[in-house]
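This report refers to the structure that appears directly beneath it.
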Protein chains: 2
Amino acid sequence: MAFGDIDRLAISTIRLLAVDQVSKANSGHPGAPLGLAPAAHVLFSQMRMNPKNPDWINRDRFVLSNGHAVALLYSMLHLTGYDFSIDDLKSFRQLGSKCPGHPEFELPGVEVTTGPLGQGVTNAVGLAIAQANLAATYNKPGFTLSDNYTYVFLGDGCLEEGISSEASSLAGHLQLGNLICVYDDNSITIDGATEVSFDEDVAKRYEAYGWEVLYVEDGNTDLDAIANAIAQAKKSHNKPTLIKMKTTIGYGSLNAGDHSVHGSPLKADDVKQLKTKFGFNPDKSFVVPQEVYDFYQAKILNPGVEAEKKWNQLFAQYQQKFPEVGAELKRRLAGQLPAGWEKVLPTYTPSDSALATRKLSEMVLDKICDELPELLGGSADLTPSNLTRAKDAEDFQPPANKLGSYAGRYIRYGIREHAMGAIMNGISAYGAHYKVYSGTFLNFVSYAAGAVRLSALSGHPVIWVATHDSIGVGEDGPTHEPIETLAHFRALPNMHVWRPADGNETSAAYKVAIESTTTPSIIALTRQNLPQLEGSSLEKAAKGGYILKDATNPDIVIVATGSEVSLSVDAAKILADKGLNARVVSLPDEFTFDHQSEEYKLSVLPDGVPIMSVEVLTSFGWKKYAHQSFGLNRFGASGKAPEVFKYFDFVPEGVVSRAEKTIAFYKGKDLISPIRSAF
Amino acid sequence: MAFGDIDRLAISTIRLLAVDQVSKANSGHPGAPLGLAPAAHVLFSQMRMNPKNPDWINRDRFVLSNGHAVALLYSMLHLTGYDFSIDDLKSFRQLGSKCPGHPEFELPGVEVTTGPLGQGVTNAVGLAIAQANLAATYNKPGFTLSDNYTYVFLGDGCLEEGISSEASSLAGHLQLGNLICVYDDNSITIDGATEVSFDEDVAKRYEAYGWEVLYVEDGNTDLDAIANAIAQAKKSHNKPTLIKMKTTIGYGSLNAGDHSVHGSPLKADDVKQLKTKFGFNPDKSFVVPQEVYDFYQAKILNPGVEAEKKWNQLFAQYQQKFPEVGAELKRRLAGQLPAGWEKVLPTYTPSDSALATRKLSEMVLDKICDELPELLGGSADLTPSNLTRAKDAEDFQPPANKLGSYAGRYIRYGIREHAMGAIMNGISAYGAHYKVYSGTFLNFVSYAAGAVRLSALSGHPVIWVATHDSIGVGEDGPTHEPIETLAHFRALPNMHVWRPADGNETSAAYKVAIESTTTPSIIALTRQNLPQLEGSSLEKAAKGGYILKDATNPDIVIVATGSEVSLSVDAAKILADKGLNARVVSLPDEFTFDHQSEEYKLSVLPDGVPIMSVEVLTSFGWKKYAHQSFGLNRFGASGKAPEVFKYFDFVPEGVVSRAEKTIAFYKGKDLISPIRSAF
């Protein structure tokens with residue numbers, strides 16, 4: 001590329017649009033946009049994308065991992081023709097605006113939600129994995145349907161966060177040459193100079209991960225150097241690339257290079273001198289010279305529209321030549337599941353063997369792996385414990401290491417839960433209807449809390465196969481036994497937290513999770529065997545909660561999940577012998593149950609009867625459904641699982657005695673179902 | 001050191017003790033102990049420690065970061081004279097045993113709880129920081145009171161976890177020459193060979209962090225190489241050291257080098273051949289030759305007892321020569337706070353200015369920093385937002401970078417929340433009564449969930465200064481606005497979760513947090529100003545919950561926290577105008593409140609009156625204290641904070657209308673306080 005005045009004018013426009021957004025909002029981060037505008041301009045100028053259809057599958061992806069620099073992104077999206085008006089930019093960071101304080105997934109041209117540091121670059125590894133898998137699965141000679149790049153801007157913060165280390169090590173292992181990251185090396189973080197806490201040799205570290213590292217010494221003005229680095233990075237076919245680019249934070253500001261420009265609006269006189277310096281009218285704001293619009297239309301929008309048109313033609317020919325995979329890809333791009341896929345889900349009767357729900361989960365995965373080519377699984381190095389690898393799965397591996405291929409659909413994430421969570425988000429965000437699942441112990445989903453939160457916030461329907469879900473872990477002891485974990489994730493908006501009690505419920509969890517389009521799922525599974533229950537069914541469990549075993553005129557309703565459902569059934573039998581009628585309710589997923597009609601919910605958890613919950617984790621949160629709770633409000637213990645259960649009185653007699661106390665306590669009292677609410 | 005037959009016999013004894021523990025328990029991890037026994041023997045043989053007093057402050061620390069290899073640790077602790085009998089080892093992984101499935105902090109000779117990968121090595125960075133600070137603070141010419149090393153064993157899993165990357169980068173920056181890590185490079189994880197997911201150049205990465213990297217090519221048998229590496233590492237005074245040591249997992253087993261020996265007991269015939277191979281009777285278990293006991297007594301126990309005796313003499317002289325700091329250190333080692341320290345805590349009256357609780361927190365820190373030399377603070381690169389740096393604080397920095405000193409008590413953690421949490425645990429575990437606090441946004445404490453859990457499990461009374469605690473964040477938007485966060489941590493056993501409403505409550509939170517010896521604290525603080533409340537006091541707030549504003553014959557009790565307390569007071573005034581009497585209860589910390597007498601709790605939240613909670617985060621969990629909850633059960637929004645509060649109806653009128661509905665809903669109903677329980 002040869003750069004000229006129009007490029008410099010465009011860059012000044014980007015810079016000032018970002019500054020104007022922050023100033024008008026009187027809130028935001030002007031420093032990074034001022035430093036990164038040249039790189040954004042050069043990068044976008046050579047990207048393949050159609051701003052009129054931000055969902056085109058073969059577009060290049062751009063991830064702003066340092067999401068606080070979002071004013072830069074909105075500037076770019078506006079200038080290049082995405083559906084962002086200048087008025088949208090003027091409403092930056094205001095309630096109801098299309099331009100919120102950090103990039104959000106649902107906005108046009110925003111590939112993933114960023115802001116929480118380290119997430120974006122890790123999502124990008126997921127986007128790159130998805131691209132490699134899609135290409136290996138569907139490209140044919142003469143039909144390169146997928147060959148897009150994933151570009152990332154990231155700052156010191158992203159590099160300091162451990163999640164990016166996990167992701168970068170894995171990306172190096174996977175030889176993801178389609179991933180190109182631009183490191184905004186501005187030597188400033190909120191606490192001041194990076195020398196106060198971050199003086200490692202980043203380039204050497206990335207080389208150690210197996211990345212290509214390139215350098216731009218002057219990212220403020222040297223457009224050729226930026227362009228050359230990107231061009232060279234695109235040639236690195238079996239290594240991801242980090243471009244270490246020196247910039248000045250707040251370039252052009254009177255406080256350039258100081259941490260004071262990071263997160264606060266520039267002062268009014270500083271904005272004026274900046275505009276004058278860049279040749280703009282100091283008294284005008286949100287100015288875009290028409291030639292800048294024209295330039296981007298010619299450089300990005302028009303070629304992008306054309307590229308998609310050509311791609312559509314290619315895909316039409318592809319469907320004719322390869323009708324089967326062509327139809328499959330078409331279906332996936334439409335976001336549809338194969339008709340009747342759910343018929344392969346196993347169902348059970350009480351005469352079937354007792355099995356651990358992690359084993360029942362494996363049996364589901366074995367069945368659906370063939371049925372759903374969009375299924376892309378993995379584990380954080382616990383495959384033989386999580387039982388997450390379908391029988392015939394191939395590993396997703398770089399072709400060069402001979403351990404699998406990019407068409408493989410099982411990812412060896414290594415012991416990197418946080419990255420795994422954010423990579424799942426990236427794969428899901430890629431847009432080819434990937435159904436992503438991953439395994440770890442339930443207790444270690446917490447390591448990924450930051451990523452799980454963003455799954456829920458962004459609406460990525462990813463699936464955590466979270467085995468070893470209680471003190472049933474046994475000998476590993478309290479470090480591995482979840483107590484607070486289910487409560488934590490149940491408290492998160494937009495989150496399925498399944499804890500199935502048997503095979504039918506496990507199949508139900510997968511059915512709802514796979515069919516979900518905007519809600520992630522955690523499926524908590526036992527290490528130990530559980531019986532197949534009388535009264536369970538896939539259909540009933542798919543309501544989130546249901547009456548498993550009813551009783552006429554119940555004296556008590558026992559509501560339980562997972563391994564405590566069969567325990568409660570056993571307790572109900574003893575209660576019956578004592579002349580007490582207990583209804584047993586199984587409530588495998590609160591989120592799904594909450595979305596049933598109030599009438600249905602009251603039919604399950606009615607007025608007038610004491611309701612007691614039984615779950616061998618914290619009782620915190622259970623009063624949402626029960627008047628009394630039998631839980632475990634302390635850390636667990638190391639020992640043989642049945643002995644640990646007994647130690648904490650989670651045996652039929654322990655449930656019975658608490659049920660009796662509950663019945664006695666509420667005798668004669670006028671009980672309202674916890675389902676009812678005053679507002 | 002010159003090694004001979006006794007060393008080889010000792011190593012075989014260690015190996016077989018570990019194997020016997022796992023076999024008898026029929027559960028556990030034999031592979032790593034078999035590979036690591038030589039290193040453990042060589043390392044312990046030169047460590048300074050007194051097994052008869054595991055708390056001696058100047059002992060060398062040993063951290064088993066790959067905590068699943070715990071059978072190795074129990075073997076070492078037994079052999080070297082710690083309070084672990086051979087019968088304790090025989091009860092490995094059984095309920096009530098002194099030898100649980102992973103190392104637990106409260107056991108003699110176990111420095112920190114490990115098992116969750118990456119935590120141990122990060123704790124060790126904290127242990128090394130504490131040592132450097134203690135030495136810089138108290139050592140005097142001729143009086144080297146503190147000069148211990150911190151040693152770590154870690155495996156591939158620890159290196160893959162992002163938390164260790166964060167900690168290692170920081171340790172390199174801090175030039176912690178007192179930290180020596182032995183990397184068990186056995187090329188095996190649970191999923192198989194490390195080549196499936198982890199083929200980065202670890203040595204190069206650690207060099208990039210500024211570490212010294214040394215090599216042992218044959219950790220299975222080459223004792224001299226191990227000893228030489230350790231000796232050389234101890235000479236690396238301004239760099240932490242990683243010793244990359246090749247071993248064979250399951251050394252000696254028929255399945256040596258295979259992942260099958262990682263986490264399952266060896267087969268009976270394998271154990272027999274192993275014993276035969278090592279010259280032991282294949283039919284006997286838990287055998288320790290007397291000469292091995294004698295060897296360790298001579299090599300470790302006796303010199304250790306002697307070393308502590310000498311240290312005690314030195315410290316006695318020190319106290320005479322430096323009475324003031326001598327008394328201070330003595331006090332700290334006794335785990336006592338300075339008498340009357342709490343008198344400096346600020347208190348307020350309603351006529352004092354409205355201030356953000358983060359600002360009120362800063363005012364507390366300014367006051368107590370001088371009072372408490374054991375206070376060691378920091379922030380994850382949010383110092384100007386968290387307001388965590390006391391006015392006169394010096395940075396904790398390596399002397400060479402001229403940005404502070406090791407005597408400094410303010411740590412620039414960088415953007416590394418997970419490491420920060422685990423480093424706090426390590427500093428707390430060091431044993432010089434360090435009172436550790438650190439700042440980040442409340443929403444990003446979740447990044448450290450794994451470490452916070454271990455604070456609570458181990459009983460490290462560390463303090464999170466968690467600012468920006470709600471949608472009051474405003475413009476930054478939903479990526480930065482906590483919803484589930486308080487519920488998550490309230491669901492954790494042994495956890496203070498404070499959300500003070502004004503200055504008096506902020507001081508109360510600090511008082512309880514600083515005086516806590518076994519419970520960690522999160523103090524959630526506002527970004528926005530809050531008024532000083534009529535009716536609050538430090539003493540009342542220190543009960544966790546109290547009546548802030550009473551009403552005769554209340555029609556409703558409104559229970560709130562933080563910024564919603566003044567909101568509820570405003571609502572109560574409007575209700576009064578409408579002829580409805582509302583009591584307002586402030587409940588700044590559930591954990592503290594839960595520990596009050598039932599009588600007190602019922603006096604605050606009585607029978608017979610509807611209770612409504614008001615908190616602008618998830619309502620999940622609030623039914624523990626209230627019949628109805630006004631919360632925010634969705635993600636937040638980006639906008640000016642007052643507008644966002646209004647959008648979600650968290651304004652006095654919004655509280656009033658819900659209070660009215662609550663009163664109407666429960667009219668005539670027989671209400672039991674949620675405090676009451678059937679069992």
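Lettering of chains follows the sequences in order, A, B, ..., and the numbering in each one begins at 1. The model shown is predicted, which means the values in this text are computed figures rather than measured ones.
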Under 4.5 Å, counting heavy-atom pairs only, tell me which of G28(A), G162(A), P493(A), P610(A) racks up the most with chain B.
P493(A)

Indicate yes or no for a side-chain donor-acceptor contact from S638(A) to the backbone of G101(B) under 3.5 Å, with no hydrogens or angles considered.
yes

E481(B), part contacting chain A, at a heavy-atom distance under 4.5 Å:
backbone

Heavy-atom cut-off 4.5 Å, strictly under: side chain, backbone, both or neither for M495(B) against chain A?
neither

Give the C-alpha distance, both sets of side-chain angles, the deciding distance and a yes or no for salt bridge (Lys or Arg N to Asp or Glu O under 4.0 Å) between R416(B) and E161(A).
CA-CA 5 Å; R416(B) 305 175 174 115; E161(A) 291 285 5; over 6 Å; no

Identify which part of R490(B) has an atom lying under 4.5 Å from any heavy atom of chain A, answering side chain, backbone, both or neither.
both

Under 3.5 Å, is there a donor on one side chain and an acceptor on the other for N494(A) and R634(B)?
no

So which part of F444(B) gets closer than 4.5 Å to some heavy atom of chain A, the side chain, the backbone, both or neither?
side chain

Portion of N443(B) that has a non-hydrogen atom of chain A nearer than 4.5 angstrom:
side chain

For the residue pair E160(A) and S169(B), confirm or rule out a side-chain donor-acceptor distance under 3.5 Å.
no

Any donor-acceptor N or O pair under 3.5 Å, side chains S677(A), Q628(B)
yes

For the ring pair Y447(B) and H418(A), is the centre-to-centre distance below 6.0 Å?
yes

With a 4.5 angstrom heavy-atom cut-off, could you sort out which part of Q397(B) is near chain A: side chain, backbone, both or neither?
side chain

